[in-house]
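The sequence lines fix the lettering, A, B, ..., with proteins before strands; numbering per chain opens at 1. From a predicted model like this one, the values you see are computed outputs, not experimental measurements. Values below: all heavy atoms of this structure, side chains included; hydrogens, waters and symmetry mates excluded.
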There are 2 protein chains.
Amino acid sequence: MERKKFENSPCSIARSLDVLGDWWNPLILRECLYGNTRFDELQFWLDISRNILTRRLAVLVDAGLLDKVAYQTRPKRFEYLLTDKGHDACVVLLALMPFGERWYFKNGQHPIELRDRKTGALVTPEIIDSNTGKRLDSRDLIPCPGPGFRAPKAIMKRRFSEFYSETTK
Amino acid sequence: MERKKFENSPCSIARSLDVLGDWWNPLILRECLYGNTRFDELQFWLDISRNILTRRLAVLVDAGLLDKVAYQTRPKRFEYLLTDKGHDACVVLLALMPFGERWYFKNGQHPIELRDRKTGALVTPEIIDSNTGKRLDSRDLIPCPGPGFRAPKAIMKRRFSEFYSETTK
DNA sequence: CTAATGAGTTGCATAATAGAACTCAAGATG
DNA sequence: CATCTTGAGTTCTATTATGCAACTCATTAG
């Protein structure tokens, strides 16, 4: 059976997972960010099957995260460059780094760190609430219907029971 | 063939993807965060096959992101609660929201928004560099070997050519 | 006594993966 | 000129994983 698609899901997370909810796509983006943008470079660093790499690259180009660009003609050779959307996705991937470091590389023994290309300053990704500037803690949060929410009342009630009872009593 | 595992990969992103690099696991965590923590609730909201849900839940429990807890005996019934690690992973997932909203829900028409459980204030996830407080831009970044980096010199040179030439000339 | 609930199993057809080998064009080498 | 090498993919096959539907099973509710 074909993998389920979330393109019509009423959830930003779900829709993003159509292209990022997979193990190879994020890693391909990572390599492109690291400057390994050609087929054989990607294959070498990721140790991915060539047929899979072919397909994933097509998907990423199709989804608008990568651009397939010829870096020479005669013989035609290509590289895969991050688009704006691709760079935006990379930022999300970088948000995985502190999580991975905390849970899979204890004692600060993480293998890679990020630096500013110009200044060389250490860069540490962190996820905050931009309204308060404070680090996000999922325990404090509650989901509410946003401006584009559309659903039958029964579903609405079922999903936002707390919210619903608060605003109607 | 069995899906490739990254548990020994020298990369925080790759190791995190062993459990988060998939479409169902993140969505299951999302539902648990939203308070839908029981088998049938998860099945209803995610519209996931029951056999797949069973397996994924076992994986998430095994990976330490969820706890399987009996909420009643006679008949024994369970719910799946987020652990500390699970909550930490949720924060990463929430970082997908602005990406999804930007690229899949134009014009601010996103369906869900987050609010502080106590104050009701709007919460907007954003990924910043905690050293400067500025929004992260992947274009400005360069990866460098971190404290736990281990690799043969040839590989080191190949991956960090820019870094390597800078520090040795 | 029958129905409903919650939480899974079991069986099956179809896709996706991993792995390895093969293709193909254009330069480079001897 | 014949062969080698590079870059970028195909093709083939054996396993897995996914999605779907139907089935189980214990316990309580009516």
Side-chain angles (χ1 to χ4, degrees), chain A residues 1-9 14 17-28 31-32 35-63 66-81 158, chain B residues 1-9 14 17-28 31-32 35-63 66-81 158:
Chain A
M1 294 278 132
E2 203 182 334
R3 153 178 180 174
K4 194 161 280 190
K5 288 280 182 273
F6 302 108
E7 51 193 348
N8 295 314
S9 166
L17 289 172
D18 262 346
V19 64
L20 296 178
D22 153 278
W23 48 111
W24 288 127
N25 287 358
L27 291 176
I28 291 170
E31 282 310 317
C32 289
N36 301 116
T37 57
R38 301 178 183 178
F39 192 91
D40 279 23
E41 288 176 330
L42 290 166
Q43 206 277 318
F44 173 82
W45 286 112
L46 297 177
D47 191 27
I48 180 179
S49 285
R50 309 176 74 81
N51 54 352
I52 304 292
L53 179 55
T54 300
R55 208 178 328 159
R56 303 262 83 121
L57 285 172
V59 166
L60 287 167
V61 168
D62 203 60
L66 292 179
D67 253 347
K68 181 175 183 173
V69 179
Y71 64 88
Q72 68 171 40
T73 33
R74 320 199 34 75
K76 267 213 162 180
R77 290 294 137 78
F78 304 97
E79 62 185 337
Y80 294 86
L81 300 178
R158 195 159 166 182
Chain B
M1 294 279 132
E2 203 183 332
R3 152 177 183 175
K4 194 162 279 189
K5 287 280 183 274
F6 301 108
E7 50 193 350
N8 295 314
S9 166
L17 289 172
D18 262 347
V19 65
L20 296 178
D22 152 278
W23 49 110
W24 288 126
N25 288 358
L27 291 176
I28 291 170
E31 283 310 319
C32 290
N36 301 117
T37 57
R38 301 178 184 180
F39 193 91
D40 279 22
E41 288 176 330
L42 290 166
Q43 206 276 319
F44 173 82
W45 287 111
L46 298 177
D47 191 27
I48 180 179
S49 288
R50 308 177 74 83
N51 54 350
I52 304 292
L53 179 56
T54 300
R55 208 178 328 159
R56 303 261 82 122
L57 284 172
V59 166
L60 286 167
V61 168
D62 203 60
L66 293 179
D67 254 348
K68 182 175 182 174
V69 179
Y71 64 88
Q72 68 172 39
T73 35
R74 318 197 38 77
K76 267 213 163 182
R77 290 295 134 80
F78 305 97
E79 62 185 338
Y80 295 86
L81 300 179
R158 196 160 165 181

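Think of the region where chain A sits on DNA chain C: with heavy atoms and a 4.0 Å cut, that region ends 5' and 3' at C:dT14 to C:dG27.
Residues that satisfy the ring-ring contact (aromatic ring centres under 6.0 Å, His included) test with B:W24, not counting sequence neighbours, are A:F6. Legend: residues meeting side chain to side chain contact (heavy atoms under 4.5 Å, CB included) with A:E31, ordered by chain and number and at least two apart, are A:Y34, A:N36, A:L42, A:W45, A:L46, B:R159. Residues satisfying the salt bridge (Lys or Arg N to Asp or Glu O under 4.0 Å) test with B:E79, not counting sequence neighbours, are none. For B:D47, the salt bridge (Lys or Arg N to Asp or Glu O under 4.0 Å) criterion is met by A:K4, not counting sequence neighbours. Evaluation of the side chain to side chain contact (heavy atoms under 4.5 Å, CB included) rule for A:R55 yields A:I52 as partners, not counting sequence neighbours. Residues forming a salt bridge (Lys or Arg N to Asp or Glu O under 4.0 Å) with B:R56 (at least two apart in sequence, or on another chain): B:D22. Taking B:Q72 as the reference, B:P75, B:R77 meet the side chain to side chain contact (heavy atoms under 4.5 Å, CB included) condition, with sequence neighbours excluded.
Smallest separation of non-hydrogen atoms from A:T37 and A:C32: CG2-O, 3.9 Å. Taking every heavy atom of both residues into account, A:D40 and A:R50 meet most closely at OD1-NH2, 3.1 Å. Taking all atoms of both residues into account, the shortest heavy-atom contact from B:F39 to B:L53 is O-CD2, 3.5 Å.
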With sugar-phosphate taken as primed atoms, P, OP1 and OP2 and all else as base, the protein-contact string of nucleotides 23-30 of chain D at under 4.0 Å (heavy atoms; B, S, -) is ----SS--
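Within the 4.0 angstrom heavy-atom criterion, no nucleotide atom of any strand lies near A:F44.
Counting heavy atoms of neighbouring residues, nucleotides and ligands inside a 6.0 Å radius, atom NZ of A:K76 does not exceed 12 of them.
Of the candidates D:dG7, D:dT18, D:dA17, the closest approach to any side-chain atom of B:W23 belongs to D:dT18.
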(message) Please determine whether side-chain contact (heavy atoms from CB on, under 4.5 Å) holds for the pair B:I48 and B:L27, giving the CA-CA distance in whole Å, both sets of side-chain angles, and the decisive distance to 0.1 Å.
(response) CA-CA 10 Å; B:I48 180 179; B:L27 291 176; over 6 Å; no
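Rounded to whole Å, the distance from CD on B:E2 to P on D:dA14 is 19 Å. Going from atom CG of B:L46 over to atom P of D:dG19 covers 11 Å, rounded to whole Å. Put simply, CD on B:Q43 is 12 Å from C1' on D:dG19, counting in whole angstrom units. Atom CG in A:L42 sits roughly 13 Å away from atom P in D:dG7 (whole-Å rounding).
For A:F78 and A:K4, each mapped to the nucleotide of DNA chain D holding its nearest heavy atom, the one lying further toward the 5' end belongs to A:F78.
Residues in residues 66-75 of chain B take part in no salt bridge (charged side-chain N to carboxylate O under 4.0 Å, His left out) pair, two or more places apart or across chains.
Considering only side-chain N and O atoms, A:Y80 lies nowhere under 4.0 angstrom from the phosphate OP1 or OP2 of D:dG7.
Contacts of residues 51-58 of chain A with DNA chain D (heavy atom under 4.0 Å): A:N51, A:T54.
Within the helix from C:dC1-D:dG30 to C:dG30-D:dC1, the inter-axis angle between the opening and closing five-pair segments is 0°, rounded to 10°.
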